[in-house]
Amino acid sequence: MLISKRRGGLAAASALAAAALAVSSCSSGSTPESSAPASSAAAEPVTIRVQTFGGGSNFGYKNAVDKWNAEHKDIQIKYENLTDQFEQQYWPQMIQWLTSGTGAGDVVGIDEGGMGLAKARTEWWADLKEYGLESRKADFPAWKWENGVAGDGKLFALGTDIGGMSICYRKDLFEKAGLPADREAVGALWPTWDEYMNVAKKFQDKVKDTKFADGTNTLYQVVLYQEAAKNGNISYFDTTNNLVVDKNPAVKTAFDFAQKMSQQGLTAKLRNFTDEWATGTQKGSFATVGCPSWMLGVVSGNAGDDGKGKWDVASVPGGGGNWGGSWLAVPKQSKHPKEAAQVADYLTQAQTEASVFTDFGNMPSNTKAQQDPAVQGAKNEFFNDAPIGEIFAKSAASLQPVFLGVKHAQVKNAIESVVQGMDDGSVPYDKAWQQLVDDAVKAAG
Amino acid sequence: MSLDTLPRAMRNNHRRARPPGRRWRSRLDVKAMPYALVSPYFILFAAFGLFPLAFTLYYSLYDYDLTGTTEWAGLDNYAALLADSAFWRATLNTVSMFLLATIPQMLLALFLANALNKRLRFRLAIRMSVLLPLVTSVVAVAVVFTQLFARDWGLVNYLLGLAGVDPTNWRAERIPSWIAIATMVDWRWTGYNAIIFLAGMQTIPRDLYEAASIDGASRRRQFWQITLPMLRPTMIFVVLNSTIGGLTLFSEPMTFYNGNPDGGSQGQFQTVAMFVYKEAFREFDYGYASAAAWLLFLLILIGAAINFLFVRRIGGTK
């Protein structure tokens, strides 16, 4: 190949090498990459690294990135999903990169749990107003937009998805347990969490080798976010960043429910977003899991093709709730803030967010996307063609934001460890609440 | 040193042969060159050994929060650590896992080395293969062991089940988690230590064994009376090395819980190194983490001293 003096020969060689690279990096699994960069190697395109987190299909940008890369020769997106876990790994790593001034991608995803800190440290971020993105204000519900605006008026983040709430369940196992398996009928089984627990007991009497719920943490979060909406939309911190774990009834209600489920032996004792949990999704360790919209992609990604048609989606006990949802920001350290802003703009456009929803299930925060008929009428193939548009989009407009403090990520982690610990037997049930409060105080300190 | 070892006549000769202008250069050559040649090690040591030591010592006296402020704290960090039950739990975990891993590992390595020291077919190939686990990436080892010790679908629980034992939750129960991690450590390091023991064994003069055979000592007796005492210097090295490795144990327990430095929901297998990592890189409490790192350093010094005294007595000569 070196003999060939024509540029075409060299380009072909570099294309081959790039393709080989793309193939080898694809084989590692969860990091989707486009094969497009090869063809435009000669023009030296700007590469924009998009960093995200989450299990399964995470932010669901695979198809959107492929599309962009095919259409834009001058800007190529490199989509890196760093890890399943936000509080444990992604956010600490990101904070290190942001404080040290190097290492972060050009566009980075931030979970709601990190937004308190992100907002307090505006010096980390580029101002998206400088790139004309203030015009996007009309696309988002006020709270989603406001949370991306720092105290000094800097626009640092654009909304991606929102939570919404549902229950993913194993249709085949419900049939096996002699329960109604149709999603309407399943939803009718459990208008409240007490009724959910009764169904769980009936299920557990019939089916021995599969537990009803995945573990304590997912249920705890679902109930916490529902209850938070009834208690002034706060969870661990009040709006002036005082720790209110022991004062907010939402926390105690969610904890009590998780504890009862665990004590009755209705949980598989798996901690969410771990390898064992992912394997358990695939191998049928549990029959139901609390599913905010973005969890659909996590479940389908973890379950794999074998799970197709076995899973379905039903409405959640106790009404709606808003667990999760993320933002995209451009770190100040990015060498190509203008192009990065363009990419962040593209990824949050109504069209992109709508396609992410129909392809993977993450509910758009973009109101235009929410009103898109394609979204409203969307069905999810993996979940037995469940009408996810109907399930999530209808309630999307009424969702309320829950305030999360600056130290939310640390406190959440400490509390989840106790909630998990009482399930796996390392924290006695009668001491769990006191330890939860103590550990939360320590983590907030 | 190098100057003294040169014969005086040669040095004088040296001086006379060169014109005066060059003298300083030749002196520089003789005086400074040796230092220049050994300096790379010391420069690297200063950058990656001494500087971090001083840096952590300095910051261990501050309340240094990466996401917040830095304030003088004196010995507050140390006082808080000594009262922190999580720190003591991590210390107990570390020491227990160290003992659980190292004692069987030393014995295994010793007997393995003894076996490899005999005349065998394909001796080189067999000796090399003992090192294989060491060249495997620790992440790969951890992934495999994580699956072996999985609660629901793991091979170990399956085998225990065949023997009628109830499945163990290897990440939730304290002692089982220690055993799982100690197994992982031994898998990686036994071969390495065996090779070092083997090298030590080969330096023992053959005539000792021949004399012992003539006196009618059995093979077993020769091992206890000749091999072990003669191996003492090697053993001191191996034990110190394992002490340092065991007390700074990090990668295996870390990967055993999805890269989460909590080491189990309630720190069942969190080591001190993980505690330091957690405080520094998840809670961003650098001062506290630095103080914990210094206490870990002290712990290693104590551990090394105990082991040194202990190993010195092996063979009964002292």
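In what follows, chains carry the letters A, B, and so on, assigned in the order in which the sequence lines appear, proteins first and then strands, with residues in each chain numbered from 1. Scope of the values below: all heavy atoms of this structure, side chains included, with no hydrogens, waters or symmetry mates. If you're wondering where the values come from, they're calculated on a predicted model, not measured in any experiment.
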Peer 1: Chain B: which of E416(A), Q435(A), M422(A) shares the most heavy-atom pairs with it under 4.5 Å?
Peer 2: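 Of the candidates given, the most pairs with chain B belong to Q435(A).
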
Peer 1: In terms of the angle between their ring planes, are Y257(B) and F269(B) parallel, tilted or perpendicular, with boundaries placed at 30° and 60°?
Peer 2: perpendicular

Peer 1: Would R171(B) count as a cation-pi partner of F256(B), with NZ or CZ less than 6.0 Å from the six-membered ring centre and within 45° of the ring normal?
Peer 2: yes

Peer 1: Measure Q88(A) against the heavy atoms of chain B and call it side chain, backbone, both or neither at under 4.5 Å.
Peer 2: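 Q88(A) touches chain B through backbone and side-chain heavy atoms alike.
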
Peer 1: Is the Lys NZ or Arg CZ of K283(A) less than 6.0 Å from the centre of W153(B)'s six-membered ring, within 45° of the axis?
Peer 2: yes

Peer 1: For chain B, which of G421(A), G280(A), S426(A), A443(A) has the most heavy-atom pairs under 4.5 Å?
Peer 2: S426(A)

Peer 1: Do you know which of D262(B), N169(B), T146(B) has the most heavy-atom pairs with chain A at a distance under 4.5 angstrom?
Peer 2: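 Highest number of pairs under 4.5 Å: D262(B).
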
Peer 1: Pick one of side chain, backbone, both or neither for E173(B), based on which atoms fall under 4.5 Å of a heavy atom in chain A.
Peer 2: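 For E173(B), no heavy atom lies under 4.5 Å from chain A.
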
Peer 1: Would you say the ring centroid of Y64(B) lies under 6.0 angstrom from that of Y59(B)?
Peer 2: yes

Peer 1: Let me know if V418(A) has heavy atoms under 4.5 Å from chain B in its side chain, its backbone, both or neither.
Peer 2: both

Peer 1: Heavy-atom distances under 4.5 Å only: say whether D423(A) touches chain B with side chain, backbone, both or neither.
Peer 2: neither

Peer 1: Measure centre to centre between the rings of Y220(A) and F255(A), then say whether the value is under 6.0 Å.
Peer 2: no

